[in-house]
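Here, residue 1 is the first one in the sequence, and each next residue gets the next number. Computed from a predicted structure; not experimentally measured. Below, each value reflects all heavy atoms present in this structure, side chains not excepted, and no hydrogens, waters or symmetry copies.
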Amino acid sequence: SGLASINLIFEGSNIETPQEWGCSHLLEHLMFSKIKELEGAFELNGLEVNATTSTNYTHYYLRGLDDRVKMFAQTFYDLMNQPLKVSKSH
């Protein structure tokens, strides 16, 4: 069994206006918080999942043994494509 990875790459903070400064990084944390719910399952299967934001890109990844990455690929994809649910506090 070899190694594999899934990499999702989006625009970084270079597209933000001064009023939006920090939004890319915040969005990374909000998206990654959904992944945290399944972090234990990823770790038990020897998978590394993480994210980072820079000026040029926001990068989410899942990597590990190819059979394990294949097993969790749909879950990772589904988590990353679910709409964010943000509640307002009053």
Side-chain angles (χ1 to χ4, degrees):
S1 188
L3 297 176
S5 68
I6 297 173
N7 296 279
L8 300 172
I9 300 173
F10 302 96
E11 285 284 344
S13 61
N14 60 344
I15 63 168
E16 296 173 356
T17 66
Q19 294 81 12
E20 299 169 330
W21 190 83
C23 286
S24 295
H25 193 213
L26 174 63
L27 184 60
E28 172 209 324
H29 282 270
L30 291 172
M31 294 297 289
F32 198 74
S33 68
K34 296 189 305 184
I35 291 171
K36 286 285 194 186
E37 297 171 14
L38 294 175
E39 189 173 34
F42 289 130
E43 287 179 0
L44 284 172
N45 284 279
L47 296 168
E48 178 185 1
V49 61
N50 211 336
T52 185
T53 298
S54 74
T55 307
N56 298 315
Y57 60 85
T58 300
H59 178 209
Y60 303 89
Y61 65 86
L62 173 69
R63 61 180 161 219
L65 295 177
D66 60 359
D67 61 331
R68 300 304 171 122
V69 169
K70 286 177 190 174
M71 185 170 41
F72 281 91
Q74 189 64 49
T75 302
F76 184 68
Y77 177 81
D78 290 346
L79 285 170
M80 295 305 296
N81 283 290
Q82 290 174 355
L84 288 172
K85 294 177 184 147
V86 180
S87 61
K88 290 183 178 181
S89 57
H90 298 280

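Rounded to the nearest 0.5 angstrom, N50 CG and F42 CZ are separated by 12.0 Å. Once rounded to the nearest 0.5 Å, the distance linking CZ of F72 with CG of L38 reads 8.0 Å.
Not one N or O on the side chain of E28 forms a donor-acceptor pair closer than 3.5 Å with the backbone of T58. Within the 3.5 Å criterion, the main-chain N or O of N56 finds a donor-acceptor partner in the side chain of S54.
Residues meeting the side-chain hydrogen bond (donor to acceptor under 3.5 Å, both in side chains) test with S13, sequence neighbours left out: none. Remark: R68 pairs with N45 by the side-chain hydrogen bond (donor to acceptor under 3.5 Å, both in side chains) rule, at least two apart or across chains.
E16 and H25 get closest at one heavy-atom pair: OE2-N, 4.4 Å. Shortest non-hydrogen contact noted between S5 and R63 is CB-CB, 3.5 Å.
Note: H59 and Y61 have tilted aromatic rings, judged against thresholds of 30 and 60 degrees for the angle between ring planes.
The side-chain heavy atoms of T52 and Y57, taken from C-beta on, include a pair separated by under 4.5 Å. Inter-residue side-chain proximity for I6 and Y77 is flagged as unmet; no heavy-atom pair is nearer than 4.5 Å. The shortest side-chain heavy-atom distance between L3 and L65 falls under the 4.5 Å cut-off.
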> side-chain hydrogen bond (donor to acceptor under 3.5 Å, both in side chains) between S24 and E11: does it pass, once the steps are laid out?
Replying inline: CA-CA 8 Å; S24 295; E11 285 284 344; over 6 Å; no
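Using a 4.5 Å cut-off between side-chain heavy atoms of Ile, Leu, Val, Met, Phe, Trp and Tyr, with links allowed through other members, L47 and M71 fall into the same hydrophobic cluster.
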